[in-house]
Every structure is written in C-alpha cells, then in structure tokens.
Amino acid sequence: MKGGAKVIIEAHRHEGVFIARSKEDALVTLNSTPGKDVYGEKRIQVEGPPGPEGVATKLEYRVWNPFRSKLAAAILGGVDHIWMKPGSKVLYLGAASGTTVSHVSDIVGPAGCVYAVEFSHRPGRDLINMAKLRTNVIPIVEDARHPLKYRMLVGMVDTIFADVAQPDQARIVSLNSHYFLKNGGHVVISIKASCIDSTAAPEAVFQKEVKKLQEEKFKPLEQLTLEPYERDHAVVVATYRPAPKTKK
Amino acid sequence: MPYASLRNAIPRKTNKERSQPAARKKFGLLEKHKDYVQRANDYKRKSKALASLREKAAFRNPDEFYFAMTKGQTKEGVHRVRPAEASLPHDHIALLKTQDMRYVTMKRALDVKKAEKLQAGLHFLTEEAANKHTVFVDTEAEVETFDPAKHFGTDPALVTRAFNRPKLETLETPGAVLGVANVGELKKVRKAREKAYTELGERLKRSLSFKEVLEHMQVEKNVMGKGRKRKVQEAEDGKPAVFKWKRERRK
Ligand SMILES: C[S@@+](CC[C@H](N)C(=O)[O-])C[C@H]1O[C@@H](n2cnc3c(N)ncnc32)[C@H](O)[C@@H]1O
C-alpha cells in the first residue's frame with residue numbers, strides 16, 4: 001500500500017498476529033523481511049510508535065489469506081490457542097511451498113524456529129528458496145512417515161503443526177511427536193474429512209480422528225471447523241502426554 | 001512524345017463539358033453518352049430477365065412439385081423457401097457456439113481472478129461466526145459451569161467476536177491498536193471497504209451465473225454433436241437438461 005493509506009492495526013489474541021483494517025479487512029503478520037513478499041501476498045506499511053529517538057518506525061505486515069491457509073482460517077475461526085508465539089520451536093508437517101510456514105516464521109521470530117517437512121520435491125524447492133531469506137526456517141524435504149531420516153536436523157519442539165492431508169495423519173503425528181515433541185507440548189492438526197474417509201460424514205471423521213489421538217496419549221483441548229474459508233475441514237488442538245493434574 | 005514539356009509550357013484552353021442549361025435544371029444532370037450506355041445495358045438486362053421469366057411461366061408444368069415447396073411460405077409479402085434460422089449450415093452454427101463458449105469462459109475467468117484478488121485481502125471479519133467450535137473439558141461439572149469469557153480470558157463483550165478475542169492483558173498494553181486516524185478518515189476507509197466487499201460479492205455471484213451458462217452451452221454443443229440420444233431429465237432451476245447417448249460400438 002502506497003501513499004500512507006489509513007490503516008488500523010489491531011493486536012490479535014495470539015502474539016505475533018494482527019488484524020489490519022483499511023480498504024482491506026485482513027489477518028496479517030509482521031513481516032520479518034520487510035520489502036519482500038514470499039508468494040505474491042499483499043504487504044501493508046504502517047507508521048509504528050516513535051522509537052527512543054522520537055523517530056517513527058516503519059512497520060510492514062504481510063496479509064495472511066485464510067482461504068489458502070488452514071492455520072489462518074483456524075485463527076479467524078476463534079481458536080483458543082495456537083501454541084506458537086515468539087521464541088517457539090515448531091515442527092511443521094506438510095509444508096508445501098511454505099506459504100503458511102512463512103507466516104509461522106514471522107510469528108516465532110528470530111528467537112524461534114520452524115522445522116518445515118515436505119515430501120514432494122517441487123513445492124520443496126520453493127520451500128528451500130523461502131528459507132534462504134528466513135533463517136529461522138529449516139526446510140526438510142523428506143517423508144514425514146520416516147522421522148528417523150531427519151532426526152539429526154530436528155531438536156525437541158514445543159508444537160507440531162500437521163497438514164499433510166493423508167489418511168494416516170494421526171499415525172504420522174504420533175510418530176513425530178514420539179521423537180520430537182516435548183512432554184506437555186501441543187499438536188495442532190488440520191483434518192480434511194474427504195482425505196481421511198470420503199464416504200463418512202465429516203463430523204464423524206473428525207470424531208474418529210480425535211479418538212485416534214486419545215489412543216496415542218494426546219489429550220484433546222479443542223476442535224473447530226473452518227467455515228467459511230474451507231468446507232469439511234477441522235482443526236484439532238491437543239496436548240501431548242500432559243503432566244498429571246496436581247492442582248485444582 | 002517529343003517536346004512534351006514544351007507543349008505543356010503553352011497554356012491551353014480547357015474544354016468544359018456542356019452542362020444542363022439552367023432552364024432544364026429540374027431534370028438533374030445532363031445525360032452524356034457514357035451514361036446512356038449504362039442505362040441501356042441495365043434496361044436490356046432487365047427486359048431479358050423478364051422475357052425469360054415470362055417464357056418459363058408460359059411453359060410451366062402445372063403439376064410441378066418439390067418438397068421445398070411444403071416448407072416455403074410467404075411472409076409479409078416475401079416468399080421464403082425455408083425458415084430463416086436454418087440459413088447457416090450446421091457446422092457453422094456449431095462453430096459460432098464454441099466461440100460463444102470461449103467468450104463466456106474468458107469473461108468468467110476474469111471475474112474469478114478479480115474475486116480471488118479481492119478475497120486475498122477481504123477476510124470476512126464479521127461478528128457472527130460461521131463455524132463450530134468445540135472445547136473439550138474433563139468432567140460433566142465443567143460443562144455445566146463453562147463460561148466462554150473466562151475460558152478465553154477476554155472481555156465478555158468480545159466473546160462473539162471469533163476472529164479476534166483479545167486477551168484482557170493484551171487490551172491493556174499501550175500498542176494494542178496502531179494508526180488510529182480521525183473519524184472522517186475512518187468513515188472514508190470503511191466506505192471503501194464496504195464497496196470492496198460489495199464488488200467481491202457481485203463478482204462471485206456473476207462468476208457462478210457464468211458457470212451455469214457454460215453448463216447450458218456445453219449441453220447444447222453435445223446435443224448438436226453426433227450420436228443418438230434421448231433426454232432423461234428436463235432442465236430445471238438453472239440446471240440444463242440431461243441427455244443420454246446411445247452407446248455405440250467402436251471398432
Ligand atoms: C494441504 S498441503 C499443505 C498446505 C500448507 N500447510 C499451507 O497451508 O500452505 C499438504 C502437503 O503435505 C504434503 N505431504 C503429504 N504427505 C506427506 C508426507 N508423508 N510427508 C511430508 N509431506 C507430505 C503434500 O506434498 C502437500 O504439499
């Protein structure tokens with residue numbers, strides 16, 4: 001946006017995420033590489049609060065399209081917690097070309113880290129190119145079904161985000177959690193009903209997936225569908241091996 | 001021609017064509033021989049045609065019959081051998097129809113593209129949520145006492161604002177809202193945003209109706225194609241009719 005168009009930036013419930021209201025009405029993240037877009041998304045410049053010398057800083061935000069990102073759709077759908085904030089370490093399964101990954105990289109900031117796993121080579125190439133500019137992204141072009149292949153690259157993480165769109169997603173997530181997720185860490189899983197079982201009702205599919213997670217020592221916290229951005233999709237958030245309750 | 005240039009050097013008298021005398025001006029331009037030849041040729045051609053028609057009429061067979069005669073009709077004094085719409089050959093019409101389809105496809109693509117571009121920045125941030133949010137709790141008792149405002153740690157007034165329920169502590173931090181403009185500017189920006197949403201809605205609606213039109217055109221094109229077919233379902237509420245083709249064995 002040029003010419004200092006009037007924009008209001010509203011801090012979001014989730015740290016590192018914002019709402020921009022101008023001619024647009026958009027979810028945005030603070031661009032960690034100002035002046036550069038990742039996949040042709042719009043950028044919005046705003047005059048920040050004056051710094052210590054009294055000079056106003058320029059802030060740049062990138063529009064995060066919920067029609068293309070399940071995580072963005074979940075945030076606008078009102079998810080309570082995304083378990084990603086500045087400094088978080090996130091394992092992202094099914095990164096594709098890294099559109100969503102780039103926004104997660106904005107959120108976790110320089111102190112955090114995103115391990116982005118993608119299995120196909122073609123989107124993997126875009127992912128690697130994106131990571132060249134964003135040093136907190138570690139691209140891994142491997143099959144998420146074989147976490148042993150990339151165990152040397154990934155440390156313990158706080159959160160696993162999964163959007164692999166595979167019928168055995170629950171198994172992939174628990175396998176990766178077993179290797180990389182700290183106890184009491186969290187998983188955020190996007191479920192596309194038609195990818196798991198195209199004949200059953202979406203609601204039943206989501207329920208079954210939650211059941212599978214429970215069997216793998218996850219404790220579900222919340223589940224939300226992604227209308228109006230996606231049809232028959234849900235995001236489930238769960239805790240991994242939560243510490244036994246002592247208080248309350 | 002020798003000394004052509006010398007000849008041109010001497011001024012010559014220009015011969016003016018005789019024009020219609022003023023007294024006969026009402027008869028128009030004065031006819032010259034050239035004009036007469038044209039008029040005579042025209043007259044001869046016409047009288048020859050008339051003579052030939054007269055001859056044909058004189059020798060006409062009163063029992064003459066062609067099937068085209070049954071299709072012919074006289075409309076407003078003009079005899080038509082065939083109804084006007086069948087004037088273009090079948091494959092020519094088929095071609096025109098594909099061109100129509102291409103045009104509609106192109107128009108639709110424009111709308112879809114523009115809508116996508118608008119939608120990238122318009123995220124439908126409205127108060128009423130369109131989705132379903134389930135929170136899992138441990139005991140039945142917690143279900144009874146569930147308080148959304150407390151659960152989300154936000155102001156009770158913001159609970160329905162699914163797209164952003166700021167936490168109480170976020171609301172208190174000074175930089176929570178950046179770049180507040182004056183009221184007049186706010187209003188202008190809001191107007192522009194509303195206009196953009198309206199445009200988006202219209203483009204989406206139009207691209208859908210283009211899609212419907214395309215479906216109809218496709219069916220029409222298929223029907224014009226080869227093969228024996230029958231209608232298995234009538235066209236209804238915007239959907240084109242459904243045809244079924246007879247299976248034909250291919251060698
Ligand atoms: C729905 S897309 C993810 C889109 C991405 N999360 C975004 O929002 O931009 C799913 C991706 O998962 C990848 N994928 C599927 N199976 C995989 C596996 N076993 N390991 C790693 N990636 C996988 C696919 O190649 C595909 O790019």
Side-chain angles (χ1 to χ4, degrees), chain A residues 5-15 17-28 40-42 44 46-49 59 63-68 72-81 203 206 210 219-230 233-234 236-238 245 248, chain B residues 115-126 128-139 142 148 151-154 158-182 184-197 200:
Chain A
K6 296 289 163 277
V7 187
I8 295 175
I9 298 285
E10 174 188 318
H12 200 275
R13 153 183 203 83
H14 309 298
E15 226 181 311
V17 182
F18 304 86
I19 298 279
R21 313 202 92 161
S22 61
K23 215 168 71 206
E24 268 108 28
D25 207 14
L27 187 71
V28 298
E41 73 282 18
K42 248 192 198 137
I44 298 176
V46 182
E47 202 106 312
L59 298 174
V63 171
W64 190 2
N65 188 348
F67 290 95
R68 292 176 68 178
I75 289 173
L76 290 180
V79 70
D80 182 19
H81 226 309
E203 204 45 55
F206 304 148
V210 170
K219 180 177 169 238
L221 297 176
E222 54 181 327
Q223 168 193 327
L224 73 168
T225 58
L226 300 185
E227 288 88 9
Y229 310 108
E230 300 278 358
H233 274 70
V236 173
V237 181
K245 253 198 203 167
K248 262 199 225 168
Chain B
E116 230 167 59
K117 216 166 179 182
L118 281 169
Q119 206 174 51
L122 295 172
H123 298 171
F124 299 96
L125 308 183
T126 52
E128 70 266 23
N131 65 341
K132 196 173 152 202
H133 193 162
T134 315
V135 174
F136 299 103
V137 290
D138 293 329
T139 59
E142 279 175 75
H151 176 80
F152 289 114
T154 186
L158 299 177
V159 166
T160 55
R161 203 168 171 260
F163 71 88
N164 187 14
R165 302 183 183 106
K167 291 190 179 147
L168 289 174
E169 60 262 33
T170 318
L171 286 173
E172 279 150 20
T173 44
V177 177
L178 270 184
V180 183
N182 62 38
E185 277 168 342
L186 269 184
K187 219 165 140 186
K188 229 167 52 198
V189 164
R190 205 187 51 223
K191 264 244 173 80
R193 187 165 64 222
E194 273 159 15
K195 214 170 120 199
Y197 269 117
L200 173 59

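Here is the naming used below: chain letters follow the sequence lines, and residue numbers restart at 1 for every chain.
For R21(A), the parts lying near chain B are the backbone and the side chain together; criterion is any non-hydrogen pair under 4.5 Å. For R190(B), no part lies under 4.5 angstrom from a heavy atom of chain A. Heavy-atom distances place no part of V237(A) under 4.5 Å from chain B, backbone and side chain included. Interface residue E203(A): only side-chain heavy atoms are found under 4.5 Å from chain B. Using a 4.5 Å cut-off between heavy atoms, F18(A) makes no contact with chain B at all.
The two atoms that bring V79(A) and I75(A) nearest to each other are CG1-CA, 3.9 Å, heavy atoms only.
In this structure, CG in L158(B) is found 6.0 Å from CG in L171(B), a value given to the nearest 0.5 Å. Interatomic distance, NE2 of H12(A) versus CZ of R165(B), reported as 9.0 Å (0.5 Å rounding).
Listed options E41(A), H14(A), R13(A) were ranked by heavy-atom pairs under 4.5 angstrom with chain B; first place goes to R13(A). Heavy-atom pairs under 4.5 Å with chain B peak, among A72(A), A73(A), G77(A), at G77(A). Among R193(B), E194(B), K167(B), the residue making the largest number of heavy-atom pairs under 4.5 Å with chain A is R193(B). Heavy-atom pairs under 4.5 Å with chain A peak, among F152(B), F136(B), Y197(B), at F136(B).
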Only pairs under 3.5 Å count here: list side-chain donor-acceptor contacts from residues 116-126 of chain B, not counting sequence neighbours, and write none if there are none.
residue	atom	partner	partner atom	Å
H123(B)	ND1	L27(A)	N	3.0
H123(B)	NE2	A120(B)	O	2.7
T126(B)	OG1	E128(B)	O	3.4

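Side-chain N or O atoms of T154(B) include none that pairs as donor or acceptor with a backbone N or O of V159(B) at under 3.5 Å.
With sequence neighbours excluded, no residue satisfies ring pair (Phe, Tyr, Trp, His ring centres under 6.0 Å) with F163(B).
By the 4.5 Å heavy-atom criterion applied to side chains, V189(B) and V7(A) are not counted as neighbours.
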